[in-house]
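To keep things clear, I will list the structure first and then write my remarks on it.
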Number of protein chains: 2
Amino acid sequence: MSGIRAQQKEKTRRQIIDAALNQLSAEQGFSNLSLREVAKEAGLAATSFYRHFNDMNELGLTLVDEAGLTLRQLMRQARQRIEKGGSVIKISVITFMEFIEANGNVFRLLLRERSGTSAEFRAAVNREIRFFTMELCDYLQSASNLDHETCYLQANALVIIVFSAGAEALDANEKERQEITARTIKQLRFIVRGAMHINASPTI
Amino acid sequence: MSGIRAQQKEKTRRQIIDAALNQLSAEQGFSNLSLREVAKEAGLAATSFYRHFNDMNELGLTLVDEAGLTLRQLMRQARQRIEKGGSVIKISVITFMEFIEANGNVFRLLLRERSGTSAEFRAAVNREIRFFTMELCDYLQSASNLDHETCYLQANALVIIVFSAGAEALDANEKERQEITARTIKQLRFIVRGAMHINASPTI
DNA sequence: AACTTCAGTGTACACTTGTTCGCTATTTTA
DNA sequence: TAAAATAGCGAACAAGTGTACACTGAAGTT
């Protein structure tokens, strides 16, 4: 039942996905991707594409899913490092920056499609980011004695700042990247400290 | 010397710009804009476009400039309101949200091209956002006794959070928009409070 | 062994894209 | 008033797009 046929199909499906990811770059976003070009790089005739995806749209959503998966791997890796001790914020940011460096195109995809022209894509990306935020929220709630809402707002703000730093890091060289990292760590500390002191003098 | 000819040329140039802005939407970004379509909406033959812009690229950069201009108007408006008294953060966020509602397409342009496929566009958008941040930084520095770096990091973080909220608001209805506004105000307060307390216990 | 399923192929079609090239009509300049 | 400059036009072109269709050969089924 393994099916030599199903096996082969899965394989070329991956080839399509990989070809697409490979053609994403700083200069080329998903919307500029051409079915023909992707098929060609996957070693397929253009028309064979349809045996695997109904649509470029469908491929795109698959890519977003892949990206979300990679994002969750990132979180796991960060958690492992954190357990070994050290500044949580620092470790998290550094891990994230490593992710950007290794998976630039994947991150670019998320970043772009979050504000892209397809409502479906936007929703898909936001879903992935929400997962990311929720996990962080849970962590914050277990590590502090703040209420849920405060933790969520905090987690949300932290994620936004880190993603934005990641976006900037995409265009940066090694030295600039280190500056961004240092800057971001400080900014995250603002948020963490601010969330702790939130009960004092509410009228700013 | 006024030149009936130069006058007319300026007029149709504006028509092109307006047509382009008008064709931007949630579903259509600048990169999907077609020279022919823009020219048609401006009431021109496709080829006449070249009398005003060398390129779609050139038009795009002009649009980004326009957007930056609108952004600066927004700041002025917010400052005026703040002078009349009230919570600075609250007024700023509300003003920004009104801007989003009135200039959705302009904001979308900035948002998208910030992570778009053209390095030139990305740079142009980041320049506009940097202006925005610097102005806020100056304000913070004059209104507090924090050092320059802290003020800049704070301003930068505030802008990122507000822009991100704006992005979310683009897809939201009235009720959701109010929730986003309330949430954002709280998050900005985290940052402001955190920047004030930054000297205490640096190892988080 | 005969029959069915289906991943992959190549051709073809209808469209849209940006851009070039002469041309006209009108304003500007000399 | 004659000459030069130029905004706008329509036709045409080459290139690229997604997709429909009929076909082939190998894998799966009975």
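Residue numbers start from 1 in every chain, and the chains themselves are labelled A, B, ... in the order their sequence lines are given, proteins ahead of strands.
Interatomic distance, B:Arg14 CZ to B:Glu10 CD, rounded to the nearest 0.5 Å: 7.5 Å. Rounding to the nearest 0.5 angstrom, the gap separating the CD atom in B:Glu98 from the OG1 atom in B:Thr181 is 9.5 Å.
Distance CG (A:Leu33) to P (D:dG16): 16 Å, rounded to an integer number of Å. Computed from coordinates, the B:Gln7 CD to D:dA7 C1' distance equals 15 Å when rounded to whole Å. We find that CG of B:Asn57 is positioned 13 Å from C1' of C:dG18, with the value rounded to whole Å. Between the C1' atom of D:dG8 and the CD atom of B:Gln15 lies a distance of 12 Å, rounded to the nearest Å. Atom OH in A:Tyr50 sits about 17 Å away from atom P in D:dA22, given to the nearest Å. Going from atom CZ of B:Phe30 over to atom C1' of C:dT17 covers 14 Å, rounded to whole Å. Here the P atom of nucleotide C:dG18 and the CG atom of A:Asn32 are 13 Å apart, to the nearest Å. For A:Lys40 and D:dT17, the NZ to P distance is 9 Å, given to the nearest whole Å.
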Audit row: B:Glu37, B:Gln23, side chain to side chain contact (heavy atoms under 4.5 Å, CB included) steps and yes/no: CA-CA 9 Å; B:Glu37 290 296 321; B:Gln23 293 197 0; 3.8 Å; yes

From CA spacing to verdict: side chain to side chain contact (heavy atoms under 4.5 Å, CB included), B:Phe30, B:Leu63: CA-CA 10 Å; B:Phe30 178 77; B:Leu63 292 186; 4.0 Å; yes

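A donor-acceptor pair shorter than 3.5 Å cannot be found between the side chains of A:Thr62 and A:Asp65.
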Protein-to-nucleotide contact annotation, 5' to 3' order, nucleotides 3-12 of chain C [B base; S sugar-phosphate only; - none; under 4.0 Å, heavy atom]: --BBBBBBBB

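Here A:Glu149 pairs with B:Lys186 under the salt bridge (Lys or Arg N to Asp or Glu O under 4.0 Å) rule; sequence neighbours left out.
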